[in-house]
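Single-structure report; data block below.
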Amino acid sequence: MTKAREQWGTRIGFILAAAGSAVGLGNIWKYPHMAGEHGGAAFTLVYLFCIIIVGLPILLAEFAIGRKTQLNPVGAFWTLSGSKAWKWVGFLGVAAAFIILSFYSVVGGWTLKYSFLGLSGAFNELLPGSEAASQMYDAFIAKPFEPVLWHLIFMGLCILIIARGVKSGIERWSKILMPLLIVILVILVIRGVTLEGAAAGLEFLFKPKWGDLDAGGVVAALGHSFFTISLGMGAMITYGSYLTPKSDLIRSSLAIIVLDTAIALMAGIAIFTAVFAFGQDPAEGEGLIFVVLPTLFPQIPGGSFFAILFFFLLFLAALTSAVSILEVVTAYFIDEKGWDRVRATFLFGGVIAAVGAVAALSMSGYNILAPITNFTFFNLLNVVSYKYMLPIGGFLTAVFVLARWGIPQFIEELKYGLPGFKAPVAVVAAFFIVAAIVVAYIIIQEIVAVVS
Ligand code: PFF
């Protein structure tokens, strides 16, 4: 505890690290398949609206709470509120981090496996619409050891980055991996839009058909706006806690949101241009990436190269997000328990890797929940964190700023790094009230859906 707290080295390093957290499987795997299922452009517009109305205020709140306290989420809520009760909001975040990483890294492992499949030419014989690709996917997931092994490799990489610390681990790798990710994505977008028949994919993504958007789509868009900017579990509180008062939170938050959204849209363009060019179904669901895309690459000249690039892109995106999730847990043990970084990272990274292995096995016939339900352990972790823990965490963060910390104090914090900044308390409060109401609505809808 006597050591000085770690800090980001540069502003761009912080922005790339936070954007690395935001840009992940949510942007390249989840967003395209959700847009595909819920009416394309109509879904996208609702999602953009949610990012601005809900995402921006809560992102600013998380950064401000972190920077003000220079602490992990548990310590941050406790210190700022002066009350032990609020530290439970921080605990909810640390618990959510633990749960999310346990299934996220399983999918991270799949991205590695698929990068190698692309490299070995395994997709070369696949035809659009054929069963072979889904058989390949099902056969991989059903194996008891292979998915666990890839997941462990993925977690190992995450642990190695975090163990090096904020500046030499997270920041250094974000500065290398994020520009690489953007370059790969630009190449894939150019490939997608130059395919014959690409226009239908662009139309699907950008021309709203409101009739295709159901209430489920609206709730999904709201929930997704949290996940995609890594809100509701203290990841951004933790990253904010490594900032100095010189940094301008508003400009940084806007940059992160713009990057996250632009990358999701670019992934959507790269994917839907190909899906429509080859007459495939955009509403394929979760299998869109791992089942439909592998059948499209062989139809494209130089397809193997693009297949490798695509799955490697997915892997990079997943890795920089997973790092931010593990950092929440590590920061908690460093700040609150006085642990050494390397010890905290290896121990809790190891525990998460073990829980993740149980999640991976649950998809291959070894589901520990089988005696009580046919829901897999993997799905349970996914649904509990994504649908409940993150929105509840975000809701409580908004309530915290409104009712405990206080809007004037929050505005004071924003002024550091932006001296002339002025904002009427009533307007800022209105943003937070709307955000809290919208999130409460998502949570209630999700609960109603389960109960009914
Ligand atoms: N934002 C990440 C994605 O879109 O994949 C997921 C995520 C990362 C959620 C970090 C929460 C978090 F704290």
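Residues: numbered from 1 along the sequence shown. Order of listing sets the numbers, starting from 1, for every ligand and every atom in it.
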Item to complete: Identify which of G24, G20, S230 has a heavy atom lying nearest to atom 11 (C) of ligand 1.
Response: S230
Practice prompt. Within a distance under 4.0 Å of any heavy atom of I325, pick out the atoms of ligand 1 and give their elements.
Written response: 8 (C), 10 (C), 12 (C)
Discussion item. Give the atom numbers and elements of ligand 1 that come within less than 4.0 Å of a heavy atom of M233.
Written reply: 11 (C), 12 (C), 13 (F)
Discussion item. So if I count the atoms of ligand 1 from 1 in the order they appear, which ones are less than 4.0 Å from some heavy atom of S21?
Written reply: 1 (N), 2 (C), 8 (C), 10 (C)
Worksheet item: Quick one: which ligand 1 atoms are inside 4.0 Å of a heavy atom on S324?
Response: 10 (C)
Discussion item. Determine whether T44 and Y31 satisfy the following criterion, side chain to side chain donor-acceptor pair (under 3.5 Å), listing intermediate values before the conclusion.
Written reply: CA-CA 9 Å; T44 301; Y31 161 70; 2.8 Å; yes
Item to complete: Considering the heavy atoms of Y104, write down every atom of ligand 1 situated less than 4.0 Å from one of them.
Response: 2 (C), 3 (C), 5 (O), 6 (C)
Practice prompt. Any atoms of ligand 1 less than 4.0 Å from a non-hydrogen atom of A22? List them with their elements.
Written response: 1 (N), 2 (C), 3 (C), 4 (O)
Response to the item:
ligand 1 to L25, heavy atom cutoff 4.0 Å, flagged ligand atoms 5 (O)
Worksheet item: Would you call E203 and K207 a salt bridge, using N to O less than 4.0 angstrom?
Response: yes
Worksheet item: Hey, is D248 close enough to R11 for a salt bridge, meaning N to O under 4.0 Å?
Response: no
Worksheet item: What atoms of ligand 1 come within less than 4.0 Å of a heavy atom belonging to A235?
Response: 13 (F)
Worksheet item: Stepwise, does the ring-ring contact (aromatic ring centres under 6.0 Å, His included) test hold for W8 with Y239?
Response: CA-CA 9 Å; W8 301 110; Y239 274 16; 5.1 Å; yes
